[in-house]
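Report on one structure; see the data block that follows.
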Amino acid sequence: MRSEELHETLLPKRLALPIFASDPLSSVAYATQEILLVLTLGGMAYLHFTPWIAAAVVALMAVVVLSYRQVVHAYPSGGGSYEVVSHNLGDSAGLVVAASLLVDYVMTVAVSVASGVDNIISAVPQLADYRVGMAVGFVALLTGVNLRGVRESGRAFAAPTYLFIAGVLIMVVTGLVRYALGHAPLSESAGFGITPDPRDAGLAGLALIMLCLRAFSSGCTALTGVEAISNGVPAFRKPKSKNAAATMSIMGIVAVAMFIGVTTLALVTKVHITEDSCRLTGLAGDCGAYTQRTVIAQLAAAVFGGENSFGFYFVQAATALVLVLAANTAFNGFPLLADILAQHRYLPRQLHNRGDRLAFSNGIIALALAAGLLLWFYKANVTSLIHLYILGVFTSFTLSQTGMVRHWNRELRTEPGADGNAARDTDTRRRMQLARVTNALGAVVTGLVLVIVLATKFTQGAWLAVVAAVVLWLMMRGIRRHYDAVAAELAVTDPRAELERPSRVVAILLVSTIHKPTLRALAYARAYKPDHLEALTVAVDREETKAIERQWAELGVDVPLKVLDSPYREITRPVVEYVRSLHRESPRNVVGVFIPEYVVGRWWEHLLHNQSALWLKSRLLFTPGIMVTSVPWQLTSSSRADHPARRAPGATRRGEPAPVHQHRSHSAGSTPPPTR
């Protein structure tokens with residue numbers, strides 16, 4: 001796609017919802033399960049806290065959604081939390097948010113894909129041994145789809161997201177209707193008891209509060225990905241802010257409805273689930289070989305009449321698919337945030353580049369690699385990965401809402417509108433004050449949750465996410481310092497001095513043997529019309545050196561051939577030392593080194609030709625006042641690279657001309673020995 005076609009990739013709300021909200025929507029598939037897994041550490045004695053914990057999660061989600069609607073309207077350029085915090089709390093705080101979100105996006109991919117694989121295994125237990133391979137394969141598939149562009153990924157992911165929403169809501173309504181009619185469905189684990197973990201049995205007082213807080217922090221996984229819409233406002237159709245805010249409201253309403261429904265149904269059907277299946281009582285057979293189904297799988301089987309029913313397979317397929325595709329929220333949020341950070345010189349500039357389909361290809365690939373490694377290291381285990389999760393997102397929640405409070409304070413201190421309409425000015429100030437209250441409430445609540453998450457998850461693995469964010473923060477500061485230093489060093493301070501011509505230009509032609517590439521390089525060096533031109537070879541083998549001297553004399557060229565002695569058969573060091581000595585003798589001179597090179601077309605041909613010229617060039621490039629020029633000679637096999645199918649992907653669509661032999665870069669091929 002041409003750059004001018006960027007507007008065609010903008011999203012309507014129906015596609016933006018599955019692209020940016022698939023993560024928080026799909027979180028309901030495991031958020032309830034995470035609450036139950038923590039509470040059942042104490043056996044079945046504390047399951048009655050489930051509704052209260054779920055209610056706290058719902059209230060928190062409502063506050064966060066309302067708060068981020070204010071962000072969308074106030075900062076429509078797409079920086080989201082990072083832009084809000086940087087603008088209101090400073091660059092360092094903004095980088096804290098950026099680092100936290102980048103880590104959290106990686107975790108989103110890992111947790112979503114691993115949870116999706118879990119639901120596939122719940123339907124087909126025989127696939128349990130292929131968990132890691134399936135997870136990494138899904139990440140690769142998501143990467144390929146996203147490289148096709150935002151709009152294409154939205155079309156691919158829209159149907160599964162809407163099917164999941166429909167499946168869950170139908171399951172919830174059906175189950176609750178059956179319960180109201182006196183035929184409450186029972187889950188397959190309803191008859192099991194749960195043996196308390198010895199460390200969590202008979203808790204009271206502060207210990208019980210900590211257990212409930214831990215369950216609450218696990219249930220807060222339902223909020224992950226909420227901020228992605230605020231990061232992706234530029235991807236919406238106009239009016240961008242209005243459409244983004246509407247999409248966020250729809251996402252919040254649907255996610256809350258599904259979460260409440262799944263949690264209520266889990267209590268009605270008496271789902272009993274624990275991290276260790278051997279803590280289940282009443283289980284027949286070997287407990288170690290028993291694979292517990294996920295909460296959503298048990299609910300579907302109970303409501304629709306067993307594990308072989310159409311409804312069960314429909315819900316499981318939709319859940320597994322949407323959980324895998326929920327990673328798409330990160331595949332859109334991570335590259336957009338990385339693009340903004342790259343523009344601000346906190347990340348490599350390559351992350352600002354768009355690919356053939358106008359997607360941020362480098363950011364997509366970087367995210368896929370990080371998530372794939374995480375899945376491989378943790379064996380795609382949701383329980384292990386979940387402890388690293390949500391820390392970053394609540395860091396960004398808290399700081400962004402604090403930043404928004406400062407934003408509204410600054411806006412309220414400015415003069416009312418200049419049009420003199422007092423009524424409208426009063427209404428505007430009243431809306432600002434209400435928005436400030438909303439954001440202040442959001443900052444306080446999410447700050448408390450952040451403390452809870454740190455206290456309950458830090459020792460269980462969340463420390464690793466903290467370390468990763470700190471390392472990333474330091475790295476981004478280092479990258480910015482590097483870019484600033486380079487910019488200062490390259491800035492033009494004295495144009496006259498920079499444009500001053502060198503005293504003399506000395507050209508050196510490196511000669512390994514007398515052949516066509518050497519003569520072409522000689523002609524090319526002459527075309528530069530240097531003040532002095534000489535050929536240079538290194539005497540590794542005396543007989544070969546004498547032959548070169550004899551052939552050079554027979555050519556009758558008026559260019560002197562200088563021979564450097566090399567008793568230890570080195571090539572690079574004598575040439576580098578000689579060239580540097582020329583520059584030291586006359587620092588105002590420019591020394592140009594011309595190197596003849598082969599260009600080959602087959603990968604294995606690179607292994608058959610000496611690469612000494614590449615090493616020599618790498619050494620010379622670090623020497624001030626030295627210019628290195630490669631003179632390519634295309635071998636017959638290099639014509640294969642001229643075939644249109646072998647050019648860079650998208651070259652034809654971009655209208656690029658076919659490569660021209662005479663201008664092919666030296667980096668495209670291997671080289672002969674430039675010297676003896």
Side-chain angles (χ1 to χ4, degrees), residues 11 13-34 58 61 108-109 111-124 134-135 138 141-142 145-146 153-176 219 221-226 228-229 247-266 271 293-304 307 309-332 382:
L11 302 170
K13 292 190 288 293
R14 70 177 185 280
L15 291 182
L17 183 68
I19 286 179
F20 291 110
S22 55
D23 180 23
L25 291 175
S26 66
S27 297
V28 301
Y30 54 81
T32 299
Q33 176 172 307
E34 292 304 316
V58 169
M61 180 175 285
T108 294
V109 176
V111 171
S112 297
V113 170
S115 184
V117 170
D118 265 3
N119 277 275
I120 293 175
I121 293 172
S122 291
V124 188
M134 291 169 61
F138 281 130
L141 178 63
L142 286 167
V145 174
N146 277 280
S153 65
R155 289 170 176 163
F157 301 156
T161 303
Y162 288 122
L163 288 174
F164 169 73
I165 294 172
V168 170
L169 292 179
I170 291 172
M171 178 185 72
V172 168
V173 171
T174 303
L176 294 180
T221 53
L223 277 75
T224 56
V226 170
I229 292 177
T247 303
M248 183 165 284
S249 297
I250 295 170
M251 176 270 295
I253 293 170
V254 174
V256 165
M258 290 196 296
F259 176 69
I260 292 174
V262 169
T263 304
T264 304
L265 200 57
V271 172
R293 297 186 192 275
T294 61
V295 167
I296 205 80
Q298 292 191 44
L299 295 180
V303 170
F304 295 118
E307 61 187 41
S309 63
F310 171 78
F312 170 79
Y313 281 109
F314 176 82
V315 171
Q316 282 306 102
T319 302
L321 194 56
V322 79
L323 280 169
V324 171
L325 299 184
N328 196 57
T329 296
F331 272 102
N332 284 279
V382 177

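Here the structure is a predicted model, which is why all the values come from computation and not from measurement.
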Would you check, one step at a time, whether the test side chain to side chain contact (heavy atoms under 4.5 Å, CB included) holds for V168 with V262? CA-CA 8 Å; V168 170; V262 169; 3.9 Å; yes
Answer yes or no: is there a side-chain heavy-atom contact under 4.5 Å between F164 and V315? no
Between A135 and V113, the two heavy atoms sitting closest are O-CG1, 3.4 Å
Value rounded to 0.5 Å, distance of OG1 in T161 from CG in L321: 8.0 Å
Looking at every heavy atom in both A222 and A31, which two are closest together, and how far apart are they? CB-CB, 3.8 Å
How long is the gap from CD1 on I229 to CE on M251, to the nearest 0.5 Å? 4.5 Å
With a 3.5 Å distance limit and no angle check, can you tell me whether Q298 reaches the backbone of R293 through a side-chain donor-acceptor pair? yes
Is any side-chain heavy atom of F331 less than 4.5 Å from a side-chain heavy atom of L142? yes
Nearest 0.5 Å, what's the OG-CZ distance between S27 and F259? 10.0 Å
When rounded to the nearest 0.5 Å, the distance separating CG of L265 from CD1 of I296 is 8.5 Å
Where do P24 and A255 come nearest, in terms of heavy atoms and distance? O-CB, 4.2 Å
Distance col, row I120:CD1 vs Q316:CD, nearest 0.5 angstrom, shows 9.5 Å
Evaluate the criterion side chain to side chain contact (heavy atoms under 4.5 Å, CB included) for residue pair R14 and Y162; output intermediate values, then yes/no. CA-CA 10 Å; R14 70 177 185 280; Y162 288 122; 4.0 Å; yes
Hey, could you give me the CG/CD distance between L299 and Q33, rounded to the nearest 0.5 Å? 10.0 Å
Only one of V256, I260, V254 passes side-chain contact (heavy atoms from CB on, under 4.5 Å) with M258; say which it is. V254
